[in-house]
Amino acid sequence: MEMKPIGIIHTPFSDPVGMPIQPAGAAGVRGTVQVFDEYVPGLQDLEGFSHILLLYLFHRGEGFNLQVVPFMDTEPRGLFATRAPKRPNPIGLSLVQLDRVEGATLHVSGLDMLDGTPLLDIKPYVPDFDRQEQVRTGWLEQARKTVSKRRSDQRFQ
Ligand SMILES: C[S@@+](CC[C@H](N)C(=O)[O-])C[C@H]1O[C@@H](n2cnc3c(N)ncnc32)[C@H](O)[C@@H]1O
C-alpha cells in the first residue's frame with residue numbers, strides 16, 4: 001500500500017505543546033492548505049461547501065501504544081476509542097471551515113494540526129451523509145464538553 005501526499009497544511013502551530021486537540025477548540029485558528037499543482041483540477045466545485053474533511057498524516061511522532069491516556073482523560077483507554085495521534089496508520093481527520101479557494105490554496109479555519117502536516121485527502125462535509133442525531137460517546141460522555149478548553153502536551157511526541 002502506498003500513499004502520496006496531495007498537499008501541505010499550514011497552521012500557526014510549530015510545537016504541539018499548548019495547541020488545540022480538536023477543531024472544536026480551534027475556533028478562529030486560520031491557516032491554508034496548499035494543494036500540489038497536479039491535483040488542482042480536483043478542487044473544482046469545492047468552494048460551494050462551507051466545511052471540508054481533511055485527512056492527513058501525523059508526520060511527527062513515531063510508534064504507538066494500544067492503550068493510551070488521552071488528552072481528555074487521566075485513565076488508559078484503548079487506542080481505537082481515542083483520537084490520539086500515534087497510531088499504527090497515523091491518519092488524522094479534521095472537519096474544518098472552508099473560507100475561500102484561491103487557485104491551489106484553500107483558506108481554512110478551525111485547525112488542530114501542526115504546520116507542515118502532509119495532506120492525504122479532502123472531502124466535502126455533507127450533514128445528510130455524516131451527521132447522526134442519536135449517538136453514544138462512551139468514556140468521553142462527560143469530558144467532551146470541555147474539549148474547547150483542552151490543549152495538547154508532550155504526551156504523544
Ligand atoms: C488529538 S489529535 C486530533 C486530530 C484530529 N482532529 C483527529 O481526530 O484525528 C490532535 C493532536 O495531534 C498532535 N498533532 C497534530 N498534528 C500532528 C502531526 N502532524 N504530527 C504529529 N502529531 C500531531 C497534536 O498534539 C494535536 O493537538
Side-chain angles (χ1 to χ4, degrees), residues 1-36 39 46 49-99 104-127 129-132 135-157:
M1 190 171 69
E2 200 174 291
M3 272 198 256
K4 282 200 302 184
I6 61 161
I8 301 288
I9 308 174
H10 294 288
T11 78
F13 308 115
S14 55
D15 184 345
V17 176
M19 67 177 282
I21 61 167
Q22 285 296 336
V29 174
R30 292 212 162 93
T32 56
V33 176
Q34 200 63 48
V35 175
F36 297 148
Y39 302 108
L46 191 65
F49 294 86
S50 63
H51 292 78
I52 53 176
L53 293 158
L54 299 179
L55 291 138
Y56 51 88
L57 190 73
F58 289 118
H59 71 308
R60 274 173 47 184
E62 281 170 19
F64 62 90
N65 291 304
L66 292 176
Q67 263 80 42
V68 297
V69 178
F71 291 130
M72 301 284 296
D73 206 358
T74 51
E75 285 181 46
R77 304 289 178 182
L79 174 65
F80 301 120
T82 77
R83 299 292 191 95
K86 285 187 167 188
R87 320 181 72 83
N89 294 309
I91 293 174
L93 170 69
S94 297
L95 174 62
V96 303
Q97 184 174 311
L98 178 61
D99 299 320
T105 306
L106 310 183
H107 295 264
V108 289
S109 40
L111 297 167
D112 65 335
M113 66 295 284
L114 288 164
D115 187 38
T117 293
L119 176 70
L120 297 177
D121 204 0
I122 304 168
K123 297 181 194 231
Y125 173 68
V126 182
F129 299 170
D130 298 319
R131 193 178 57 205
Q132 296 291 326
V135 296
R136 289 180 287 124
T137 52
W139 66 268
L140 271 162
E141 192 54 40
Q142 291 306 314
R144 70 188 170 87
K145 293 166 192 143
T146 66
V147 65
S148 62
K149 297 190 191 78
R150 303 283 178 128
R151 291 293 174 268
S152 167
D153 53 38
Q154 288 290 8
R155 216 168 295 188
F156 298 108
Q157 300 310 303

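Read the numbers this way: they start at 1 and go in the same order the structure lists the ligands and their atoms. Side chains included, hydrogens not; waters and symmetry mates left out as well; all remaining heavy atoms used. Note that the structure is predicted; figures quoted are calculated from it, not measured.
Counting non-hydrogen atoms of other residues, nucleotides and ligands closer than 6.0 Å to CD of Glu62 gives a total of 12 or fewer. With a 6.0 Å radius and a threshold of 12 heavy atoms from other residues, nucleotides or ligands, Lys86 has its NZ atom above the threshold.
Heavy-atom proximity to Asp112, at under 4.0 Å, picks out these atoms of ligand 1: 3 (C), 4 (C), 5 (C), 6 (N), 10 (C), 15 (C), 26 (C). Every atom of ligand 1 is numbered from 1 in the order shown, and the set under 4.0 Å from a heavy atom of Met113 is 15 (C), 16 (N). Atom numbering of ligand 1 starts at 1 in the shown order; those under 4.0 Å from a heavy atom of Arg60 are 20 (N), 21 (C), 22 (N). Against a heavy-atom cut-off of under 4.0 Å, His59 is close to the following atoms of ligand 1: 18 (C), 19 (N), 20 (N). For ligand 1, the atoms closer than 4.0 angstrom to any heavy atom of Gly92 are 9 (O).
Looking only at atom types and distance, the side chain of Asp115 has no donor-acceptor partner in the side chain of Thr11 under 3.5 Å away. For the residue pair Asp112/Ser94, the side-chain donor-acceptor check at 3.5 Å is satisfied. Arg30 and Ser109 are not linked by any side-chain donor-acceptor pair at a separation below 3.5 angstrom, with hydrogens and angles left out of the test.
Using 4.0 Å as the threshold, Tyr56 has a heavy atom nearer than that to some atom of ligand 1. Under a 4.0 Å heavy-atom criterion, Ser94 is in contact with ligand 1.
Nearest non-hydrogen protein atom to atom 8 (O) of ligand 1 is Arg83 NH1, 2.7 Å. Here the protein heavy atom with the shortest distance to atom 14 (N) of ligand 1 is Phe58 CD2, 4.0 Å. Protein heavy atom at the shortest distance from atom 27 (O) of ligand 1 is Pro20 O, 2.8 Å. With respect to atom 13 (C) of ligand 1, the closest heavy atom belonging to the protein is Pro85 CG, 3.9 Å. Atom 25 (O) of ligand 1 has as its closest protein heavy atom Ser152 OG, 2.7 Å. Atom 16 (N) of ligand 1 has as its closest protein heavy atom Leu114 N, 3.0 Å. The nearest protein atom to atom 7 (C) of ligand 1, hydrogens excluded, is given as Leu93 O, 3.1 Å; this is a heavy-atom distance. Looking only at protein heavy atoms, the nearest one to atom 10 (C) of ligand 1 is Ile21 O, 3.6 Å.
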Please lay out, stage by stage, how Leu119 and Ile8 fare under the test side-chain contact (heavy atoms from CB on, under 4.5 Å). CA-CA 5 Å; Leu119 176 70; Ile8 301 288; over 6 Å; no

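Ring pair Tyr56/Phe58 is perpendicular by interplanar angle, where above 60° counts as perpendicular and below 30° as parallel.
Across all their heavy atoms, Phe71 and Ser152 have their closest contact at CZ-OG, 3.6 Å. Closest approach of Ile21 and Arg150 over heavy atoms only: CD1-CB, 3.6 Å.
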